[in-house]
Every structure is written in C-alpha cells, then in structure tokens.
Amino acid sequence: MNKEITVAIVGNPNVGKTALINTLAGSHLKIGNWPGVTVEKKEAVLEYKETIIRLVDLPGVYSLSSTRQDEIITDNFLHLNKYDLIINVIDANNIELNLNLTTQLLESKKPMIMVINFWKEFIKQGNILYIKKLSKQLNIEILTAEVIDKNAKEIILESIYTISKKKIPRPITIFKKNRHEAIQLILVDVLHTTKKRIKSLTDRIDRIFLHPVLGIISFITIFYFMFKLTYDGSAPFIDWIDGFFNGFIRNNTQILLNFFKVPDVLQSFIINGLIAGVGTVMTFIPLMAFLYFFISLLEESGYISRVAYLLDKYMMMIGLPGKAFIPLLIGFGCNVPGVYATRTLEEDNDKKIVTSIMSFMSCGAKLPIYILFSSVFFPKYAGFVAISLYLLGIIIAIIWASILKKWVYPNKSESLIIELPEYHLPTTRVVWNSVRLKIGSFIHRAGTVITAVVILIWALTNLPYGAGPEKSILSNISKTVSPVFMPLGWGHSWRATASVVPGFLAKEAVIGALATTYGIKENHQSNTKSEFISDLAIQGVSLKDATIQSGKMIISGIIPGVFSWEKDNDTTLITAIKKDFTPLTAISFMIFNLLLMSCTAVMGAIKHEFGGKFLLITLAITGGTAYTISFIVFQIGRLFVL
Amino acid sequence: MNSLTNFAPKSYVNIQKISGNNMVKKRLSGIGIVEKTNVKILQNSNNHSLILIKIGNRRIAIRRKTGQNILVKQI
C-alpha cells in the first residue's frame, strides 16, 4: 500500500504558495471541502515514488497571532489537523519580514522545509544570503527556487520525500528574546543586502495605477475592456454551442430515438428536457471562461490590491474599507466565494454589510439572463444595457451599505492594512488552473443541480403528458402565483414566473427553465435524415470559424471599427421570448433577477458564516429591493412607453 | 520624533516608537512594522484615507489614523 503524507503549505500572502502547489501538482489541483470551518481551500494530491503526497494550500498570513479569520484558519489547521510536514514559502526579497512567521512555525515539532521564492530577482539585485548558515541556525532544510519553474518540482518533491521518510521529529526552537531581535540576530551573519535604492518596474507602474486621477481612469478603462472583451470574445462560441446542441445533437438524437422507436414521452423528455435545458446552460460556459480569465489575470498580476487601495477613499464614504471591494469584485464572478472572502475584513460589521449587498453584485450566472434579454430587445445596445444593470446593482449596493452603516451596523471601520504585492506576469498555468477550476465548478453545478431543476421543470411542464403546456402542473402553479408579479409587468407570462423558482436554486437555471418551457410550446422541425460524419465535420469547421470570429471580435474591441461581425441571434429561444416580453417588461425582469438573492449556494454560505437570522435579513433586503425597484422601473416606464 | 503622517512622499524615515492599543501593535508587528525599521513614504495626502509606505520591497497601505500612532525620525 502506498504511504500517504500531508504537507501544509504556509507563508505570507503573495509569496507564491499557489504557484508552488500548481508547479508540484500540475493539473491535479482540486477544491476540497473542509470540515469545521468550511471554506474552499486548495488541495492537491499527487504521487511521487510510490508515496501519495497531499498538498494543502493554507491562507496567506503574516503571523499566527489569530486576530484575523484567515489567520485563525491557518492557525487552527496547524494546531488541530493531522499533517506530516510544513513547507514554508518565503519571498527572498523580504526575508526579514517573512521570518516572523517562520520563527512561529519553528515552535512546533513538525519537520519543515523552507522554499525561498523569487531567488533570481534577489541575486540580480546584488544581495547575498548564506543558505547553509541559515539552514544550520534554523535547523531546517532550505531550498532556493523560482516556484513557477518546472525544474523546482523535482527538487522540492525529492526533499519532501526524503524528509518524510526520516520520521524524526525536529527539535523545537523557542525564541526567548523578542522575535524581531531574534530575527535580526539570525540575519546579521547570513544576509547581506544591497543598499542601493532601486526604482523597480512596480514603482514605475504604480506611478500611473496609484495616481489619484490616472489611477481611476486606468481602473475604469481596464474594467470596461474586461467586460467588453468578455462579451465580444465569447459571443461566437456561444452561438456555436447553441447550434451544436439545438442543431447537431438534437437532430441526431431525434433520428436515433426514432430508429429505436422510443415512446413519445421519453423522446420529449430527452429532446425538450435534457438537451434543450442542458444545452442552453452550456452555451454560457464561454462567457464564464472569458470573465474568469480576465479576473484571474488581474488577481495574479497584483492589480486587484491596487484597486482596493485606490478605491479606499471612495469606499470609506459609505463606511467600508477599500478591502471590501475585493469580496465584492469576486462576487461579480460568483457570490459564494465573495461571501467567504469577507473573512479578510477585520470588522464583523463590515463583513455583514458586504454580505448583505453581495447579491447586488451581479454574479456570472446572472449574466446569461442579461445577454439573452438585452440581445433580443436591445440588439444595438446589448453591452450598454448589461453594463447599466451592473451599475444599477452597484448603486443599490451603495445605498444599502450607507443605510446599514448608519443605522444597523454603525461602527467605524478600523481596517488597518492593505498589502500591494510586486507586479507579476501571470503564468499560463496559474491562470488556466483558476479558470478551469471555476468552470469545472460551474459545469458540476450545471450537471447536477441545474440539470435536475431543468428536468423537474420539464416534468412540471409536461405532466400530465399530452394535456398541453397551458394545462401543465407548473402552468397552474405559476398562474396562481403570477398575479403577484403583474405590477412588475411580466406576471402575465406564466413562463417568466415559472423561471423565477428554479432561478432561486441557481440563476443559471433561469434560462434553462425558459428554454424548457418554450421547448414544449414550440414544435421543432427535426431532420429525418442525417449524414452524421459530414454534420460532425461541419461542426468542426463552425468551431474553427467561431474561434476566428472571437479573435476578430477581441481585436475589434480593442481597436474599434477594424472588423464588424453580423450576429445571427434569432435562435429558437429568442423568437419565443419575443412573444412574451416587451422591452420594458424585459428590463423589469432583468432587474428583478439582478437584485434577487443569487442562489441557494449563496444562502448556504451566508447561513454558515453569519447564521440563519442574518440569512433571513439578507433575504428580506434582496427580495424586497428586487420587487420594489422592478415595480418602480416598470410603473414609471409604462408612463413613457404607453 | 514625529508622526509618520507628517512626512512628505519620497521621505525615508526610521520607526522610533509605536503607540496605540495592543491589538494595533500586534497587527503592525505581524506585518513587520516594528521599531528601528526603515520606511520609505510613497504616498501621503490629506485627501486620502490611507498612507502608502515601502518596507524592504513590500508596499503597505496603512490607515492614516493608525499611521498617527507610528512615531518616526527622518533619515
């Protein structure tokens, strides 16, 4: 049987822990759920010389002082969990500061390896560190590496393997003197740093990005292009996936089902339930991938913390620290990690305020709703409409944050510190892994909860079978409930009402639910003949065309007017939606979905972090706001439209 | 000795004393802001809620209110 060892990877923030785990584990990285303080932590499992090595990536901390929640998580893991070895990753350019944590880690019996990252830069600046002397003083093995370098993998794995085989506890090192004095004493003999005051590339870039005016202009420009490129670059792929599911898969499945003489009810279930529902959800993977790609680029480059610094002044106007911007930004991708990211805030009241307004940060799952409705009703201004919705969410969030800060959670924010790391060129591997994990999580959800919901909706819309959609179970339920939504403009459509319920389970399911309900309404013309191989070849060519189109769209997004692309958005779902909605009711529907609590997973996260009572409060805030704002927009809008 | 917040950008200072409650001191020492440390001030303006400093290669933004607890001497 293979031996299994657990390695805790510990270090200050931004020293390259995740990069190290990526280098060591490559594509084996996965998200693990942890008992106790349940938070998504990165864990990777790999095999080396018949030993299973489990790598645990703990939150970056400066010390184990347990004053902040991320420190508590790391501290608890190191004291309460079973592990065999510590890898302490440190930044060569900040050895003195990093050793503060190292000296605390040395006070345990666990074997430890120190990996000194950013070594080349350290040497390049003319600094000298006597590794053997330091190793002897600290009584641990020390490796120097560029953790993103593949050559580091073998050296570090071999070191883990060798030390784990020894099974000899390391003698505890206690620093009796003041910790900082002890560090100074250690370094006096081993570290010789250059006294040159060098202006680094980071300093030069920061002159623009942290400039009070240029910084804000850069921020707006970067985020505008991020969202624009996300829309433009993903559009051709969305159309391709749509055509693939609703054309190729649908037709060939139909032929196969006819050949085997599958009963009508089962055919309807497979074609209109499974394929239509799952296919529609899958069309939004390109959009998610593009969004996560850009967010990951910004995170990895070190820019996001600049934004936190830059926006602190403005966030303080509503009583929140600049740091609060980061969980809110993460919330644009998915609200669930956004809720957990509030742990990095120091004040409990700040955490509660940020969590309360998290649902107003339009998550990636809501984006498909805007894309669909805005491209149907405002084809020339789809991007503008979607950005306006994002802005509306932000404005509502600001209003609610101000209210909550003033009357409900009034204490003054005392957040002390934001660290601005050196700019790094994001590595392909780290960005790819980040996108892959998030998309994987989306597909997993699409494959489980969302598909289950879509199938449930199919059952509700088709049963009793043959009675017609207007007499289905869902229709009856939705028709009963829909008067509640009449003042919002879309209560007359039972399909719109029907999509709200699964939308509560997962916002991705709104479009899937609409597709399923409309799938019943419409009669799809299926081909009876199919040349499978030639059809498949056509799909391949279409994918190639979509890739070229995406490239052109991205370039045209950067240099307007270079290319133009005629969109063919007249898909089945779009045609159906046009019959049930007007531009005004579409806006009302989008606003309602924008401001409503994102999904059950977010509710779970809020309940876990703050308890059931607080969850009810946030549900009341989001639900009440969604209804009220949609009502106001529709009622005012109809005065001008009618 | 003077408060960190009184120095203009590009000043080099040495931390002489840190006042304030234990929690603040603990947080600051955890990130390496301790007595006898050399600091370069990168940004410091009354219009901004934060003061940006550089210790070693590390850029750290501290709330101005906290910065007032850090007493320094120009070097």
Side-chain angles (χ1 to χ4, degrees), chain A residues 12 14 61-65 67-68 71 91-101 104 118 121-122 125 178-181 183-184 193 197-198 200 202-203 206-207 210-212 302 305-306 308-310 312-317 321-323 346 412-422, chain B residues 3-5 7-70 72 74-75:
Chain A
N12 287 190
N14 305 305
V61 291
Y62 297 110
S63 66
L64 301 176
S65 58
T67 53
R68 283 158 41 111
E71 286 174 346
D91 178 355
N93 300 296
N94 289 295
I95 291 172
E96 191 180 330
L97 296 177
N98 280 244
L99 282 184
N100 181 54
L101 176 65
Q104 292 184 41
F118 308 118
E121 193 184 329
F122 175 78
Q125 287 179 3
N178 173 304
R179 198 175 296 282
H180 286 283
E181 278 180 25
I183 292 167
Q184 295 281 353
T193 53
R197 285 167 180 173
I198 302 165
S200 67
T202 298
D203 290 325
D206 276 347
R207 284 185 70 180
L210 296 184
H211 189 275
S305 52
R306 264 75 186 176
Y309 171 77
L310 203 65
D312 188 81
K313 181 174 145 185
Y314 305 100
M315 295 294 285
M316 284 303 285
M317 288 176 185
K323 265 185 187 179
E346 282 152 35
K412 184 76 181 164
S413 173
E414 288 295 338
S415 173
L416 302 177
I417 297 157
I418 303 170
E419 178 157 12
L420 283 63
E422 292 269 324
Chain B
S3 161
L4 184 72
T5 53
F7 288 87
K10 295 182 184 173
S11 304
Y12 286 86
V13 295
N14 183 271
I15 297 173
Q16 301 290 302
K17 195 182 172 191
I18 296 173
S19 56
N21 63 44
N22 281 341
M23 185 63 91
V24 172
K25 282 182 181 172
K26 208 172 179 181
R27 291 289 304 127
L28 290 172
S29 75
I31 198 168
I33 300 174
V34 290
E35 286 168 16
K36 295 175 188 170
T37 308
N38 288 341
V39 171
K40 182 187 176 184
I41 296 169
L42 297 176
Q43 285 194 5
N44 181 16
S45 158
N46 286 330
N47 294 328
H48 206 291
S49 49
L50 297 165
I51 176 167
L52 185 62
I53 60 170
K54 193 173 178 185
I55 303 176
N57 273 13
R58 223 159 196 169
R59 292 157 192 80
I60 298 161
I62 314 169
R63 204 152 290 291
R64 288 183 67 78
K65 196 179 153 192
T66 310
Q68 284 166 358
N69 291 331
I70 304 171
V72 298
Q74 191 150 20
I75 50 172

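Since we're looking at a predicted model, the values are computed, not measured. Below, each value reflects all heavy atoms present in this structure, side chains not excepted, and no hydrogens, waters or symmetry copies. By convention in this document, chain letters (A, B, ...) are assigned in the order of the sequence lines, proteins followed by strands, and residues within each chain are numbered from 1.
Between A:E419 and B:R58 a salt bridge is recorded (basic side-chain N to carboxylate O distance below 4.0 Å).
The shortest distance between side-chain heavy atoms of B:R59 and A:R306 falls below 4.5 Å. Taking the side chain as every heavy atom from C-beta outward, B:R63 and A:P321 approach each other to under 4.5 Å. Within the 4.5 Å cutoff, side-chain heavy atoms of B:L52 are placed close to those of A:L420.
Rounding to the nearest 0.5 Å gives a distance of 8.0 Å between CG of B:L42 and OH of A:Y309. Rounding to the nearest 0.5 angstrom, the gap separating the CD atom in B:Q43 from the CZ atom in A:R207 is 11.0 Å.
Not counting sequence neighbours, B:Q68 has no partner by the side-chain hydrogen bond (donor to acceptor under 3.5 Å, both in side chains) test. Take B:S3 and apply the side-chain hydrogen bond (donor to acceptor under 3.5 Å, both in side chains) test, not counting sequence neighbours, and it matches B:T5.
The part of A:N100 that comes within reach of chain B is its side chain, from C-beta onward, which places non-hydrogen atoms under 4.5 angstrom from that chain. Only the backbone of A:L310 comes within contact range of chain B, judged by heavy atoms closer than 4.5 Å. With a 4.5 angstrom heavy-atom cutoff, B:I33 does not touch chain A via any of its atoms. Contacts between A:L210 and chain B at a heavy-atom distance below 4.5 Å involve backbone atoms as well as side-chain atoms.
Highest contact tally toward chain B, considering only A:D206, A:I95, A:T202, A:D312, is held by A:D312 [criterion: heavy-atom pairs under 4.5 Å].
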Determine, stepwise, if the pair A:E96 / B:I55 fulfils side-chain contact (heavy atoms from CB on, under 4.5 Å). CA-CA 10 Å; A:E96 191 180 330; B:I55 303 176; over 6 Å; no
Could you walk me through whether B:L50 and A:K313 pass side-chain contact (heavy atoms from CB on, under 4.5 Å), step by step? CA-CA 8 Å; B:L50 297 165; A:K313 181 174 145 185; over 6 Å; no
